[in-house]
Amino acid sequence: MQIMEYQDIIRDWKQKKFKPLYWLEGDEEFFIDQVTAYAEHDLLDEAEKGFNLTVLYGKDTDWAAVVNACRRYPMFAEKQVVVLKEAQSMRDLLKLEGYIDNLMPSTVFVVAHKQGKIDGRSKMAKLIKEKGVLLSTKKMYDNQLPAWVEAYVNSRELAITQKAAILLVDHIGNDLSRIANEIDKLLVNLPAGKKIDEGDIEKYVGISKEYNVFELQNALGQKNAEKVFRIVAYFAANPKAAPIQMTLPALYNFFAKVNLIFGVKGGEKEIAAALGVHPFFVKDYMAAARQYGPEGAEKAILLLQQYNLRSIGINDAGVEDGELMKELMYKVMN
């Protein structure tokens with residue numbers, strides 16, 4: 001069995017190293033899409049694609065059509081490529097066992113199985129491990145995302161400041177496809193060699209470097225009332241910038257992590273590991289812990305739970321989101 005990362009599969013393909021089966025599965029669709037797109041668009045020359053590229057969709061095909069495509073011989077080329085997308089939607093997927101047990105060496109068969117994995121105890125899973133290359137993906141942890149952004153930008157021959165990477169992740173969340181799309185849009189607008197900073201994020205992605213949840217979180221952690229209410233006023237005037245239903249869970253997670261600090265023994269390294277955050281954030285959490293103490297952090301968590309319910313109309317008389325936020329911020333800091 002070969003278990004490979006998506007970059008390694010594409011690197012091998014660029015070096016003309018092929019296996020007859022690539023099984024791509026798991027919950028992180030971005031990595032699966034990267035390999036699938038390369039197989040569909042770059043494995044064959046344009047002249048070869050007409051006769052030697054077959055793309056099938058699990059919901060629209062059956063095992064017999066897939067096997068027939070895979071068993072054809074290439075025409076005017078050394079290899080043919082068969083891509084099966086949305087394999088998780090194929091009702092008779094397990095009937096591919098026979099083909100996987102006897103793969104055609106002249107076919108590169110790429111299977112994209114998203115939204116989970118096939119049963120590891122099944123005969124199919126055992127055959128894949130024995131005969132093919134397996135890419136098994138899972139969602140990245142939030143504290144891994146800024147480093148992933150930096151690596152992705154570097155792969156595009158650009159650089160990004162740490163704060164700009166964090167700002168991008170904080171705004172978009174754990175969605176690698178959206179993050180990559182925003183980075184690719186930046187590449188179109190920035191000169192070669194430019195280091196992406198917060199100003200570029202603000203200008204081209206539409207995230208304010210001063211008025212965002214990340215900055216509100218830090219200001220609240222420092223009990224900087226002037227900055228807190230300035231940001232809240234901006235949110236009230238620009239509801240799409242940070243909807244209350246997105247802002248409150250982010251602040252709740254912040255104070256939940258602050259509360260964890262009081263049970264951690266050790267320094268910044270140990271705290272970062274316990275909280276599951278990027279080390280860049282640790283000082284902000286520690287500063288908030290000093291400002292609030294255990295009782296203040298717990299109070300903030302309870303208030304955020306209460307106001308989250310009010311924001312969706314429970315125990316609330318229809319107060320505007322902006323007024324709710326002002327009221328909450330005052331109570332948290334006092």
Peer 1: Are S136 and K117 close enough that a side-chain donor and a side-chain acceptor fall under 3.5 Å?
Peer 2: yes

Peer 1: Are the side chains of E327 and Y307 in touch, meaning some heavy atoms are under 4.5 Å apart?
Peer 2: yes

Peer 1: With heavy-atom distances below 4.5 Å as the criterion, would you say the side chains of Q217 and Y285 are in contact?
Peer 2: yes

Peer 1: Could you check whether any side-chain heavy atom of Q7 comes within less than 4.5 Å of a side-chain heavy atom of R11, counting everything from C-beta outward?
Peer 2: no

Peer 1: Closest approach of N212 and I231, non-hydrogen atoms and distance?
Peer 2: O-CG2, 4.3 Å

Peer 1: Can you check whether K185's main-chain N or O pairs, donor with acceptor, with N189's side chain at less than 3.5 Å?
Peer 2: yes

Peer 1: With a 3.5 Å distance limit and no angle check, can you tell me whether T61 reaches the backbone of Y57 through a side-chain donor-acceptor pair?
Peer 2: no

Peer 1: Could you pull out the closest heavy-atom pair between A112 and I32, with the gap in Å?
Peer 2: CB-CG2, 3.7 Å

Peer 1: Is the side chain of T137 donor-acceptor paired with the backbone N or O of E25 at a distance under 3.5 Å, no angle test?
Peer 2: yes

Peer 1: Are T54 and R72 close enough that a side-chain donor and a side-chain acceptor fall under 3.5 Å?
Peer 2: yes

Peer 1: Do you see a donor-acceptor pair shorter than 3.5 Å between the side chains of Y38 and K14?
Peer 2: no

Peer 1: Determine whether N52 and V81 make a side-chain contact, defined as any pair of heavy atoms from C-beta on separated by less than 4.5 Å.
Peer 2: no

Peer 1: Let me confirm one number: the CG-CH2 distance from L94 to W63, rounded to the nearest 0.5 Å.
Peer 2: 12.5 Å

Peer 1: Mark yes or no for whether D321, through its side chain, and P243, through its backbone, hold a donor-acceptor pair below 3.5 Å.
Peer 2: no

Peer 1: N238 side chain to Y234 main-chain N or O, any donor-acceptor pair under 3.5 Å?
Peer 2: yes

Peer 1: Check whether the side chains of Y152 and D184 place a donor and an acceptor atom closer than 3.5 Å, and report yes or no.
Peer 2: yes

Peer 1: Is it true that V67 and Y73 fall in one hydrophobic cluster, defined by side-chain heavy atoms closer than 4.5 Å?
Peer 2: yes

Peer 1: What about F255 and Y292, are their ring centers closer than 6.0 Å?
Peer 2: yes

Peer 1: Hey, quick one: are V232 and M246 part of the same hydrophobic cluster, counting side-chain heavy atoms closer than 4.5 Å, chains of contacts allowed?
Peer 2: no

Peer 1: Look only at the side chain of N224 and the backbone of K227, and say whether a donor-acceptor pair between them is shorter than 3.5 Å.
Peer 2: yes

Peer 1: Would you check if the side chain of Q144 reaches a backbone N or O of Y141 as a donor-acceptor pair within less than 3.5 Å?
Peer 2: yes

Peer 1: Would you mind reporting whether L168 and I183 have side-chain heavy atoms less than 4.5 Å apart?
Peer 2: yes

Peer 1: Please check if the side chain of E298 supplies one atom and the backbone of E295 the other of a donor-acceptor pair under 3.5 Å.
Peer 2: no

Peer 1: Closest heavy-atom contact between A165 and P146?
Peer 2: CB-O, 4.1 Å

Peer 1: Restricting to non-hydrogen atoms, name the atom on D62 and the atom on A65 that form the minimum distance, rounded to 0.1 Å.
Peer 2: OD1-N, 2.9 Å

Peer 1: Could you tell me whether E198 and K203 make a salt bridge, using a distance below 4.0 angstrom between a side-chain N and a carboxylate O?
Peer 2: no

Peer 1: Go through the steps to decide whether E28 and K114 satisfy the test salt bridge (Lys or Arg N to Asp or Glu O under 4.0 Å), and finish with yes or no.
Peer 2: CA-CA 8 Å; E28 182 46 75; K114 297 181 178 179; over 6 Å; no

Peer 1: When you compare the side chain of Y211 with that of R230, does any pair of heavy atoms fall below 4.5 Å?
Peer 2: yes

Peer 1: What pair of heavy atoms forms the shortest contact from N259 to P294, and how long is it?
Peer 2: OD1-O, 3.9 Å

Peer 1: Side chain to side chain contact (heavy atoms under 4.5 Å, CB included) for L328 and R310? Distances and angles first, verdict last.
Peer 2: CA-CA 11 Å; L328 172 61; R310 289 184 63 184; over 6 Å; no

Peer 1: Would K126 and E130 pass as an ion pair if we require N to O under 4.0 Å?
Peer 2: no

Peer 1: Any non-hydrogen side-chain atom of K131 less than 4.5 Å from a side-chain atom of D101?
Peer 2: yes

Peer 1: Is there side-chain contact between L220 and V332, with at least one heavy-atom pair below 4.5 Å?
Peer 2: yes

Peer 1: Between W148 and F30, how do the two ring planes meet: parallel, tilted or perpendicular, split at 30° and 60°?
Peer 2: perpendicular

Peer 1: Which atom names give the shortest non-hydrogen contact between G221 and Q291, and what distance separates them?
Peer 2: O-CG, 3.3 Å

Peer 1: Check whether N308 reaches the backbone of L304 with its side chain - one donor and one acceptor, N or O, closer than 3.5 Å.
Peer 2: no

Peer 1: Could K85 and E40 be called an ion pair, given the rule that one side-chain N must be under 4.0 Å from one carboxylate O?
Peer 2: yes

Peer 1: When Ile, Leu, Val, Met, Phe, Trp and Tyr are grouped by side-chain heavy atoms lying under 4.5 Å apart, directly or through other members, which residues fall in the same group as L302?
Peer 2: none

Peer 1: Whether the side chain of K79 engages the backbone of P105 through a donor-acceptor N/O pair (distance < 3.5 Å, no angle test) should be reported.
Peer 2: yes

Peer 1: Between D200 and K194, does at least one N-O distance fall below 4.0 Å, as a salt bridge requires?
Peer 2: yes

